[in-house]
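Dumping the structure here so I can ask a few things about it.
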Amino acid sequence: MTYTARHRMLAGTAAGLLAASLGVAVSATATAAPRTAAASACTISTLPYPADTYRAEANVIDPSGRFVAGAALRVGESDNQYLMLFWDGQQVTEVEAPGASGFEPADVNENGIVIGTGWENGSARAWRYRDGRFEQLPEPPSTSVSPTAINKAGDIVGVGSDTVSGEYVALRWPADRPGTVEVLDAPVNARPSGITPNGTIVGSAGEFANWTGWVRRPNGRIKPLAVPGGGSTEVYAAAGHWAVGRVSMVDAQADIVRWDLRDGSYTTLDQQLGLLNDVNAKGVVVGGDRVARGATSRVLPGGGERVGLGGRSISDTGDIVGFRNADRVTPVRWTGC
């Protein structure tokens with residue numbers, strides 16, 4: 001699964017908290033794909049959240065659809081309090097989040113383990129939430145470290161910033177070696193964005209606006225993720241044997257693409273998606289206020305004039321979580337879409 005959108009980069013600061021809620025809400029007035037009986041059943045509901053928070057959203061959902069993690073902001077008299085919201089079904093737990101100047105969950109797995117980033121003095125710090133408490137992940141010498149994805153086994157991938165060269169480095173926290181972190185053999189300036197159940201890792205590498213996509217197999221072999229005739233390529237997320245990303249084409253268009261990791265083949269998705277946030281193990285993609293199955297997509301319900309929606313993460317059951325921005329930003333869940 002993942003990172004989030006946005007795409008999860010170390011350039012994040014305090015504005016990272018709920019940035020999508022504030023800056024990329026998409027109007028739900030676009031034309032939807034033709035309705036089917038199944039699509040007509042698509043419904044939106046508000047997840048429970050603390051009434052005294054100023055804003056709240058759901059960031060990630062695990063593949064089984066049981067666990068959801070999100071972020072909230074409580075405004076105090078002297079400073080802001082960042083909260084993590086953790087849902088087990090409809091039961092929500094609020095936990096004061098690490099990071100004095102910002103906070104963002106990046107992923108959650110089927111065991112309810114949440115990973116994410118907290119910011120302290122402008123630097124990103126990597127954390128894991130399990131068994132009811134936060135713990136800082138071990139870090140190599142870096143200026144900033146952010147985890148981006150976790151699989152069912154508990155293997156975590158992320159990105160660090162090298163203190164000498166300033167380049168990004170790909171990191172992995174292996175579940176079978178607790179308390180350790182590895183700098184992966186990966187392309188220069190590599191930023192992992194997803195890890196599948198079998199340990200396959202995907203990501204992007206290179207300089208800004210001149211990225212290349214890559215996939216790293218469990219045996220360490222690395223291959224490009226690309227499109228013939230395409231230019232700069234960003235890979236945003238992976239699940240099952242699918243990965244999704246955006247490819248700049250020679251005609252200045254940017255194609256939204258889904259790759260089959262089994263053979264590297266690709267499919268161009270409905271370009272009405274605009275944004276791109278997540279994919280599930282069935283290859284269903286969510287981005288902005290739309291959900292896509294191949295060349296067609298539909299608008300998620302619940303929006304309207306001056307009401308923004310953002311689908312952030314999708315489970316293998318098809319449930320989607322994100323936010324709705326009407327009179328306030330609230331966490332929502334879509335089912336049957």
Do Val68 and Ser313 come close enough that some side-chain heavy atom pair is under 4.5 Å?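 SC-SC contact between Val68 and Ser313 ruled out.
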
Gln271 side chain vs Ile256 backbone, donor-acceptor pair below 3.5 Å: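 Yes, because the side chain of Gln271 sits within donor-acceptor range (under 3.5 Å) of the backbone of Ile256.
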
Could you grab the distance from atom CG of Asn59 to atom CG of Asp278, nearest 0.5 Å is fine?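 If we round to the nearest 0.5 Å, Asn59:CG and Asp278:CG are 11.5 Å apart.
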
With rounding to the nearest 0.5 Å, note down the distance linking CH2 in Trp173 to CD in Glu139.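 The distance works out to 7.0 Å.
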
Enter the distance from Leu261:CG to Thr196:OG1 here, rounded to the nearest 0.5 Å.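 One gets 7.0 Å once the value is rounded to the nearest 0.5 Å.
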
Any carboxylate oxygen within less than 4.0 angstrom of a Lys/Arg side-chain nitrogen, looking at Arg246 and Glu234?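 The answer is no: the pair does not qualify as a salt bridge.
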
Of Val286, Val332, Ile44, the residue whose pairing with Ile320 passes side-chain contact (heavy atoms from CB on, under 4.5 Å):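 Testing each of Val286, Val332, Ile44 against Ile320, the sole residue satisfying side-chain contact (heavy atoms from CB on, under 4.5 Å) is Val286.
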
Test side-chain hydrogen bond (donor to acceptor under 3.5 Å, both in side chains) on Ser232 and Ser248; report intermediate values, then the result. CA-CA 5 Å; Ser232 180; Ser248 298; 4.8 Å; no

Between Arg324 (side chain only) and Gly302 (backbone N and O only), is there a donor and an acceptor less than 3.5 Å apart?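 Judged by distance alone, yes, a pair lies under 3.5 Å.
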
Are the side chains of Asn198 and His241 in contact, using a 4.5 Å heavy-atom criterion?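 Side-chain contact under 4.5 Å: no.
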
Stepwise side-chain hydrogen bond (donor to acceptor under 3.5 Å, both in side chains) check, Ser161 with Ser144: CA-CA 6 Å; Ser161 177; Ser144 292; over 6 Å; no

Verdict with supporting geometry, Val145 and Leu137, side chain to side chain contact (heavy atoms under 4.5 Å, CB included): CA-CA 9 Å; Val145 174; Leu137 291 172; over 6 Å; no

Pairs in or reaching into residues 328-337: which pass salt bridge (charged side-chain N to carboxylate O under 4.0 Å, His left out), with residues at least two apart or in two chains?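 As it turns out, the salt bridge (charged side-chain N to carboxylate O under 4.0 Å, His left out) pairs with a partner in residues 328-337, which skip direct neighbours, are Asp319-Arg333.
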
Would you say the side chain of Asp62 lies within less than 4.5 Å of the side chain of Asn109, judging by non-hydrogen atoms?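 When only atoms from C-beta onward are counted, Asp62 and Asn109 do not touch, as no gap falls below 4.5 Å.
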
Looking only at heavy atoms, which two atoms of Asp155 and Ile195 are closest? And how far apart?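 What the structure gives for the nearest pair is CB-CD1, 3.9 Å.
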
Decide yes or no for Pro192 and Leu171: does some side-chain heavy atom of the first lie under 4.5 Å from some side-chain heavy atom of the second?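 Of all side-chain heavy-atom pairs linking Leu171 with Pro192, none is under 4.5 Å.
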
Are there over 12 heavy-atom neighbours, none belonging to Glu167, within less than 6.0 Å of that residue's CD?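 Yes.
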
Look up atom CG in Asp316 and atom CG in Asn280, then write down how far apart they are to the nearest 0.5 Å.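 Rounded to the nearest 0.5 Å, the CG-CG separation comes to 5.0 Å.
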
Sub-4.5 Å side-chain heavy-atom contact between Pro331 and Trp87: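 In short, these two side chains touch, coming nearer than 4.5 Å.
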
How far does CD of Gln272 sit from CG of Asp289, to the nearest 0.5 angstrom?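 If we round to the nearest 0.5 Å, Gln272:CD and Asp289:CG are 10.0 Å apart.
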
Among Val329, Leu309, Thr330, which one satisfies side-chain contact (heavy atoms from CB on, under 4.5 Å) with Phe323?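 It is Val329; the other options fail the test.
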
Please report the shortest heavy-atom distance between Cys337 and Thr43, naming the atom on each side.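 For Cys337 versus Thr43, the nearest heavy atoms are SG-N, 4.3 Å.
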
Quick one: does Arg191's side chain have a donor or acceptor within less than 3.5 Å of a partner on Asn189's backbone?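 Confirmed, Arg191 side chain pairs with Asn189 backbone.
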
In the structure I gave you, are the side-chain heavy atoms of Trp242 and Val244 within less than 4.5 Å of one another anywhere?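 They are not in contact (no side-chain heavy atoms under 4.5 Å apart), so the answer is no.
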
N/O donor-acceptor pair under 3.5 Å between Thr117 side chain and Glu104 backbone: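 Checked: no pair found.
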
Asp88 and Arg66 ion-paired at < 4.0 Å: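 Judged by the 4.0 Å cut-off on N to carboxylate O distance, Asp88 and Arg66 do form a salt bridge.
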
For Ser315 and Ile61, work out which heavy atoms get closest and say how close.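 Answer, listing the atom of Ser315 first, then Ile61: N-CG2, 3.6 Å.
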
Please tell me if the side chains of Arg130 and Glu135 come closer than 4.5 Å, counting only heavy atoms from C-beta onward.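 Side chain of Arg130 against side chain of Glu135, heavy atoms only: contact under 4.5 Å found.
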
Counting the benzene-type ring for Trp, do Trp119 and Tyr82 have ring centres under 6.0 Å apart?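 When the ring centroids of Trp119 and Tyr82 are compared, they turn out to be at least 6.0 Å apart.
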
Check whether any side-chain heavy atom of Arg128 sits under 4.5 Å from a side-chain heavy atom of Ile113, and report yes or no.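 The answer is yes; the side chains approach within 4.5 Å.
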
Closest approach of Ala58 and Leu47, non-hydrogen atoms and distance?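 Distance-wise, the nearest heavy atoms are CB-CD1, 3.9 Å.
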
Below 30° counts as parallel, above 60° as perpendicular, anything between as tilted: where do the rings of Phe86 and Phe67 land?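 Because their plane-to-plane angle is under 30°, the rings of Phe86 and Phe67 count as parallel.
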
Mind checking whether Val188 and Leu225 sit in one hydrophobic cluster, side chains of I, L, V, M, F, W, Y counted as touching below 4.5 Å?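 Result: no, two separate clusters.
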
Look up atom CD in Glu94 and atom CG in Asp52, then write down how far apart they are to the nearest 0.5 Å.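 The distance works out to 6.5 Å.
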
Between Arg290 and Asp270, which heavy-atom pair has the shortest distance, and what is it?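 Looks like NH1-OD2, 4.4 Å.
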
Derivation of the side chain to side chain contact (heavy atoms under 4.5 Å, CB included) call for Trp259 and Val235: CA-CA 10 Å; Trp259 289 274; Val235 183; 4.1 Å; yes

If I compare all heavy atoms of Arg312 with all of Gly322, which pair ends up nearest, and what's the gap?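 Arg312 and Gly322 have their closest heavy atoms at CG-CA, 3.7 Å.
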
